[in-house]
Amino acid sequence: MIDIRELRADPDRARTSQQARGEDPGLVDVVLSADERHRAALAQFEQARAEQKAFGKSVARAQGEEKQALLAQVKDLAGRVKQLDAEAGSAVEERDAALRRIGNVIVDGVPVGGEDDYVVLEEVGVPRDFEAEGFAPRDHLELGELLGAIDTVRGAKVSGARFYYLLGAGARLELALMALAQQITQEEGFVPVVVPTLVRPETMAGAGFLDAHADEVYRLEADDLYLTGTSEVALAGLHADEIVDLAAGPLRYAATSTCYRREAGSYGKDTRGIFRVHQFTKTEMFVYCRPEDAQAEHANLLRIERRVLEALELPYRVIDVAAGDLGGPAARKFDCEAWIPTQGRYRELTSTSNCTTYQARRLGTRERAEGGGTRTVATLNGTALTSTRPIIALLENHQQEDGSVRLPEALRPFLGGEDVLFPVGPPPARTV
RNA sequence: GGAGGCGUCGCCUAGUCCGGUCUAUGGCGCCCGCCUGCUAAGCGGGUUUGGGGUUUAGAGCCCCAUCGAGGGUUCAAAUCCCUCCGCCUCCGCCA
């Protein structure tokens, strides 16, 4: 949620940001008017309450008839206090409800518009020319089946559509990718973390995942818990309601966890293979820093993501995501998209968001301010690596005519030094 | 799953039975000052968090809320009642 003080001081900035997102700038005025009402009601309540407290002291001192007289006097004051409290309460609720619907104020320079209005910042590497090489590339599912690495049929049998098994080289690839991601993030000074993947509603809401995309999230009704779609949720919750010490620099964490997504509303999209699935593994980076350091930390996260993709020797591009496609908490987002040969286009592999103080404010994560008091910190997140999409990109980009797949050098130490994955026979027949 | 105990402003702690000068006690730690060759000790003061008002702004001052969280009872709640959360102990069950 954005800062009510900043909104009061400069409502136009929030209106402009809303406009760039293609969202309602009128919400700003809904907030401001509820805020006015809240403050007026609060002043009245506080005054009445002070009176009531003063009365309370006289009552305590008085005896006998005098006491009875005072009690009679103060009785309707108590009623008024209650009513004024309720008025102030409903106004502040109204204010915050509207405030929560306002997206983060975008960083200067974010492209205006929706999904297709991104700006390409850079293209790195050159997609292979399979025509020149004299063969048609196989897609990731075909390669995965040849290698005995991916089984979507049995995934569907056991769990339904968009579930899969990774076997043999597939399973080894996932583990190697996560190991590489952990190695690089640890080199970069991130503290490795194992996180809970079931969280309470407050944590889910605090991280900002119950607003626009509530139907993307799995909920366990019986226990009132949510399965997280990214370890960002648990990492954001880690320091909820805490005053953190950033004197020694930002807090940087990297967690590898299973991620669960309902993929509601994506029926028919990316149905082949393991591009869009309900469950995958991800190593996520998360940073707590001072607001003035957030843009530099964002640049750092992007640099690390690029380092990872370069280690995988994938051709990719970086885009500056447009305002309308940011989601509520992000003030700016960069996506790294790898080239997928059989789709003939770049697809998102990793992504990094600068949430400035938006997420931390709702979670109550603050630091000591210089002149005394506290102030809200900034949070940022970024994907180091996921399992499924990088596997797709690796298989397709590094495939050879015979169906074997060359492994990038950086991954080999995590695969027993092997440099090529070779096709195997069909997966063993099921035995009863 | 069953039974019981506990949760106080960084840490420890008084207060809760029996509601009212609780404006939450004391100690430790920390901060500022005094004293002092230096340090320590000693002395004095300060030290939860959020919000509102006053102010050009800040400082300061005034007020409200905050005793795990949320409701309730009452003129009045740290204190009584209910729900939830967390921690601990015992029993059962499973590793």
Side-chain angles (χ1 to χ4, degrees), chain A residues 1-11 31-100 195-196 198-207 210 219-226 233-234 237-248 251 288 291 357-377:
Chain A
M1 134 173 104
I2 62 172
D3 187 352
I4 181 70
R5 288 162 202 268
E6 278 173 28
L7 190 80
R8 274 183 210 138
D10 189 359
V31 170
L32 289 176
S33 90
D35 183 45
E36 287 290 331
R37 272 181 292 122
H38 168 239
R39 285 193 288 170
L42 190 64
Q44 283 190 52
F45 159 73
E46 286 183 352
Q47 201 198 327
R49 177 68 180 149
E51 224 174 294
Q52 186 191 29
K53 281 173 72 170
F55 248 106
K57 277 174 195 164
S58 333
V59 172
R61 270 192 299 267
Q63 293 294 326
E65 275 186 29
E66 193 193 349
K67 187 162 192 161
Q68 293 312 310
L70 281 169
L71 285 183
Q73 266 186 69
V74 79
K75 210 149 193 171
D76 60 298
L77 180 59
R80 237 186 88 212
V81 167
K82 207 165 198 170
Q83 192 204 328
L84 288 168
D85 189 21
E87 275 173 34
S90 73
V92 78
E93 249 173 65
E94 205 179 310
R95 182 195 79 180
D96 288 345
L99 197 60
R100 271 191 289 271
V195 295
L198 282 169
V199 301
R200 294 217 175 120
E202 307 93 86
T203 307
M204 208 67 185
L210 291 185
R219 174 157 180 263
L220 300 195
E221 179 82 38
D223 299 282
D224 199 16
L225 288 170
Y226 291 92
V233 178
L238 180 62
H239 292 303
D241 299 315
E242 287 182 24
I243 295 170
V244 295
D245 185 2
L246 301 177
L251 302 175
Y288 294 88
T357 58
Y358 191 92
Q359 198 174 46
R361 180 165 299 103
R362 197 166 0 173
L363 288 161
T365 306
R366 294 159 295 157
E367 67 160 334
R368 296 273 169 213
E370 254 173 57
T374 65
R375 63 172 189 159
T376 303
V377 303

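By convention in this document, chain letters (A, B, ...) are assigned in the order of the sequence lines, proteins followed by strands, and residues within each chain are numbered from 1. As the structure is a prediction and not an experimental result, all values here were calculated from the model.
- When both distances must be under 3.5 Å, the Watson-Crick or G-U wobble mate of B:U79 does not exist.
- In terms of position along RNA chain B, the nucleotide closest to A:R95 lies nearer the 5' end than the nucleotide closest to the other residue of the pair A:R95 and A:Q52.
- In this structure, A:R39 reaches the B:G53 phosphate: one of its side-chain N or O atoms is under 4.0 Å from OP1 or OP2.
- Here A:R366 does not reach the OP1 or OP2 of B:U49: none of its side-chain N or O atoms lies under 4.0 Å away.
- Within 6.0 Å of CD in A:Q47 there are 12 or fewer heavy atoms belonging to other residues, nucleotides or ligands.
- The separation between A:K75 atom NZ and B:C75 atom P is 4 Å, rounded to whole Å.
- The pairing partner recorded for B:G7 is B:C85, the criterion being a Watson-Crick or G-U wobble arrangement whose two distances lie under 3.5 angstrom.
- For A:R361 (side chain) and A:T376 (main-chain N/O), no donor-acceptor pair under 3.5 Å exists by modelled atom type.
- For B:C34, the paired base is B:G42 (Watson-Crick or G-U wobble, both distances below 3.5 Å).
- For B:G52, one of the phosphate oxygens OP1 or OP2 lies less than 4.0 angstrom from a side-chain nitrogen or oxygen of A:R5.
- A donor-acceptor contact under 3.5 Å is formed by the side chain of A:E46 with the base of B:G51.
- Put simply, A:R49 has no side-chain N or O that comes within less than 4.0 Å of OP1 or OP2 on B:C75.
- Across all strands shown, nothing is found opposite B:U21 as a Watson-Crick or G-U wobble partner with both distances under 3.5 Å.
- Taking atom CG of A:L99 as the reference point, atom P of B:G51 lies 13 Å away to the nearest angstrom.
- Across the strands present, B:U54 finds its partner in B:G60; the criterion is a Watson-Crick or G-U wobble pair with both atom distances under 3.5 angstrom.
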